[in-house]
Amino acid sequence: MSSEESRAGKAARIRAILDAEGEAVAANARHLNDRRYEAIDELGAERYEELRETVRGIKEDAIDRLPELLATVEAAVEDNGGEVYVADDAADATDYIESVCAGLDAESVVKSKSMTTEEIGVNEALEEAGVAVHETDLGELVIQLADETPSHLIGPGFHKSREEIARLFNERFDPEEPLETADELTAFARDYLADRIDEADVGMTGANFVVAETGTIALVTNEGNARKVIESTNHHVAVTGIEKLLPTLESLRPFVELIGRTATGQSAAIYNTLVSGPVNSPPVPFGDPDAERTFHLVLIDNGRRAMREDPDLRETLYCIRCGACNNSCANFQSVGGHAFGGETYTGGIGTGWEAGVHDLESAGGMNDFCTGCSRCEPACPVKIDIPWLNTVVRDRVNRGADPGEFDFLVEGLVPDDEHGGIDRQKRFFGNFPTLPSRERSWSRCSASTPAVTCRHSAARRSSSGSRHAGPSHPGSRSGRPSSIPTPTRTT
Amino acid sequence: MNVGRGKAAVRALEALGVAVTVPTLPPSGRAPLSQGMVSTAQERASGLYAAVVDHLRAGKDLVVVEPSTLAMFRNDYEHLLPAERFDSLADNSYEVLEYVFGLVENGADSEVLAGPGGDRDRAVVYHPHCQQRTLGLDAHTVGVLEALGYDVVTSDVECCGMAGSFGYKSEYYELSVDVGRALGSQLREEAGRRVLASGTSCTDQIDSLLDRDPVHPIEFVAPSRA
């Protein structure tokens with residue numbers, strides 16, 4: 001297949017997604033992005049930068065000490081009466097979860113939202129083993145009913161409009177009165193899910209954070225469904241990546257202060273649930289002397305340990321999966337995670353995750369949607385250099401590709417030292433400034449715009465904050481410049 | 001190739017009392033970096049540094065017109081150059097309107113720049129470049145324009161959609177146009193205002209989508225050629 005065909009194919013696929021999902025994605029992503037700016041303005045730029053520094057430091061330290069934290073959390077959870085299982089990969093994790101369910105004769109599981117469970121494919125594995133799985137997060141319920149994949153890190157059904165969701169519910173459930181408004185849909189879902197939760201044997205959650213010292217998982221939701229599935233069933237399986245470990249309860253606080261704001265623009269999520277399982281609440285049904293609560297914390301490796309050893313991918317592990325990079329990305333706002341996404345993860349940070357937990361091919365298939373515009377950099381609460389991650393992955397993809405059969409003719413003639421397999425279009429644009437100006441004159445060439453040097457003595461910039469992360473400008477709704485050059489004039 | 005903005009930058013800076021040198025510099029490496037050609041970008045970065053180091057050592061400030069080039073010096077070069085070299089470039093490079101802002105704040109006579117009046121519009125709509133926004137440098141451009149008496153409205157999108165070569169690639173063209181639609185509708189709402197844009201890519205996008213003939217703020221405020 002020639003590269004021309006595959007470009008047309010890609011263009012067609014993007015066009016189809018723009019047509020089917022673009023409007024809903026744009027409305028949802030832009031809304032959250034606007035709310036994020038407001039929430040950070042309310043927090044104050046200085047406090048925001050302070051918190052970012054703090055959480056970045058905590059994550060760097062936590063990932064550094066990961067083996068120690070794993071040992072600590074295992075001891076703490078066992079002390080509390082729970083169990084920890086560290087799964088090497090997806091199959092290892094799903095096997096374990098299946099065996100827990102089998103041991104309990106579980107027939108149904110109710111879940112709150114967890115991208116890590118999507119990553120390991122636990123729903124499919126359990127269904128194959130004859131265990132019914134019911135998503136209780138409203139967005140996850142929507143895509144479960146629609147048999148689709150999530151299109152965003154925190155809003156899996158972002159690509160669906162209210163009208164589409166209403167159509168879906170009416171088709172699937174055939175209610176007496178067709179459902180139309182958001183209130184009606186939510187009320188219906190609530191009743192439907194209440195029944196599923198009532199019937200369920202196992203409650204499965206993810207974990208936004210895991211506190212090693214106390215064996216506590218922190219769950220951030222707007223629906224309270226995480227807490228509900230835990231309290232309403234006797235057996236709680238929490239599934240999350242090993243990178244979620246934080247050392248202490250105190251270290252959790254700045255994350256909780258930030259995550260609501262960067263994710264959805266809320267000063268705090270509606271429910272911030274801390275669970276040091278198994279919980280103390282009496283088992284259900286109340287009064288049953290044989291009932292007992294159990295807690296299983298399943299911590300997933302699935303490539304994370306290798307990411308930790310990788311000097312460029314390591315930073316991905318600092319991610320708290322808030323979705324700010326998705327919402328702040330102009331390309332994502334237009335096309336959403338079904339284009340700018342891989343097998344599981346979406347948006348700028350998705351590239352790092354896909355490369356680390358799946359493979360380079362999957363990461364390479366999505367990462368060209370990152371243009372390096374850098375708007376996600378000040379949006380990321382943990383200061384991950386997302387454009388750089390995407391560049392590194394792009395470089396690895398370039399290097400991994402097979403050289404074409406005629407590339408040997410070109411070797412030595414191109415003004416770069418790149419691998420022979422690099423996509424020809426990329427090679428052309430990458431060497432653009434070296435083309436004779438006659439060939440470039442049809443287009444602007446940004447690299448040729450002259451930089452100008454000026455003679456000044458002792459020009460200094462009086463600045464506060466990090467020079468390249470935009471001093472306190474998450475919103476850059478042009479306020480007063482926070483750094484002012486002080487050139488000294490010589491005339 | 002648009003040299004108008006470079007010439008305007010020189011005129012404006014000289015009028016503000018700055019002695020300006022315009023050396024011939026090799027490309028910054030933005031193009032290969034954007035395509036994931038990291039080792040080529042590294043070579044370019046070293047080459048650029050070698051070409052400016054003597055100027056920097058002589059105490060000169062490096063003023064940059066193209067925001068994506070400045071972003072290399074102040075952001076991306078951290079991955080491409082040894083720390084000391086990155087620091088010296090980052091600490092001594094400025095976006096052109098940032099520099100003008102600093103000059104005016106420190107006493108330079110802004111009257112030498114072109115303010116509103118006569119046939120010049122007072123009302124402008126400014127679209128900052130994405131990487132420039134991330135560096136927090138849109139505020140300086142707005143500051144200069146307002147100090148000169150312009151009534152400035154700023155666009156409120158994350159990116160114009162062109163993003164270097166992205167919008168030129170056939171497989172991404174439609175997406176690039178879709179992204180540009182948001183900016184387009186904001187600019188259409190400000191139909192009465194002159195459009196200013198700092199980035200070359202943004203200028204191309206605005207031009208081809210809207211036919212609004214945007215101009216770089218430095219070209220807009222530079223004293224006239226006479």
Side-chain angles (χ1 to χ4, degrees), chain A residues 7 10-11 14-15 18 22 328-331 334-335 371-375 377-378 388 391 394-395 397-398 416-418 425-426 429-430 432-433 437 441 444-457 459 467-468 470-471 473 476 478-482 484-487 489-491, chain B residues 1-2 6 9 13 17-22 25 27-28 30-32 34-40 55 59-66 68 74-75 79 90 94 98-99 102-103 105-106 130-131 133-136 138-140 142-143 154 158-159 163 165-166 170-171 174-175 178-179 200 204:
Chain A
R7 289 198 214 293
K10 188 169 226 172
I14 292 171
R15 190 180 310 129
L18 280 171
S328 59
C329 172
N331 275 351
S334 271
V335 80
T371 62
C373 84
S374 80
R375 293 307 297 143
E377 279 185 55
W388 174 248
T391 300
R394 194 168 297 129
D395 192 32
V397 171
N398 291 345
D416 65 55
D417 273 326
E418 303 293 335
Q425 184 194 58
K426 288 197 168 97
F429 279 113
F432 195 77
S437 58
S441 62
R444 85 294 175 275
C445 172
S446 56
S448 68
T449 305
V452 172
T453 59
C454 313
R455 183 188 306 283
H456 272 283
S457 52
R467 82 166 77 79
H468 54 266
H473 257 258
S476 77
S478 306
R480 174 101 188 131
S482 55
I484 302 166
T486 52
R489 292 174 39 220
T490 57
T491 60
Chain B
M1 212 166 85
N2 183 347
L13 293 170
V18 178
V20 181
T21 313
V22 184
L25 293 176
S28 66
R30 170 58 73 194
S34 73
Q35 304 306 300
M37 294 161 64
V38 174
S39 81
T40 307
H55 293 285
K60 295 182 201 170
D61 304 320
L62 179 58
V63 177
V64 183
V65 178
E66 176 55 47
S68 61
R74 300 247 294 244
N75 192 346
H79 299 288
Y94 303 86
E98 178 195 10
Y99 203 72
L103 289 165
E105 281 287 304
N106 285 282
C130 48
Q131 289 158 339
R133 263 201 163 118
T134 296
L135 293 170
D138 47 330
H140 302 76
V142 174
T154 309
E158 299 294 2
C159 177
S165 60
F166 185 77
S170 62
E171 66 268 43
E174 284 174 55
L175 171 56
D178 192 74
V179 171
T200 305
D204 277 356

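Throughout, a chain's letter reflects where its sequence line sits, starting with A, and its residues are numbered from 1. Note that the structure is a prediction, hence the values are computed from the model and not measured.
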Engaged part of A:N398 at the chain B interface, taking heavy atoms whose separation is under 4.5 Å:
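Answer is side chain: those atoms of A:N398 sit under 4.5 Å from chain B.
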Top of A:L18, A:I14, A:N331 for chain B proximity - count of heavy-atom pairs under 4.5 angstrom
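Option with the top pair count is A:N331.
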If we define contacts as heavy-atom pairs under 4.5 Å, which of A:C373, A:A330, A:A11, A:C329 has the most with chain B?
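Top count of heavy-atom pairs under 4.5 Å with chain B: A:C373.
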With heavy-atom distances below 4.5 Å as the criterion, would you say the side chains of A:E377 and B:N75 are in contact?
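In contact.
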The test is side chain to side chain donor-acceptor pair (under 3.5 Å); show your working for B:Q35 and B:S165 and say whether it passes.
CA-CA 9 Å; B:Q35 304 306 300; B:S165 60; 3.1 Å; yes
I'd like to know if the side chain of B:N106 and the backbone of A:P485 have a donor-acceptor N/O pair within less than 3.5 Å.
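Checked: pair present.
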N-O pairing of B:E158 and A:R375 below 4.0 Å
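Looking at A:R375 together with B:E158, the answer is yes, because their closest N to O distance falls below 4.0 Å.
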Out of B:G36, B:S34, B:C159, B:G143, which one racks up the most heavy-atom pairs below 4.5 Å with chain A?
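Among B:G36, B:S34, B:C159, B:G143, the one with the most close pairs to chain A is B:G36.
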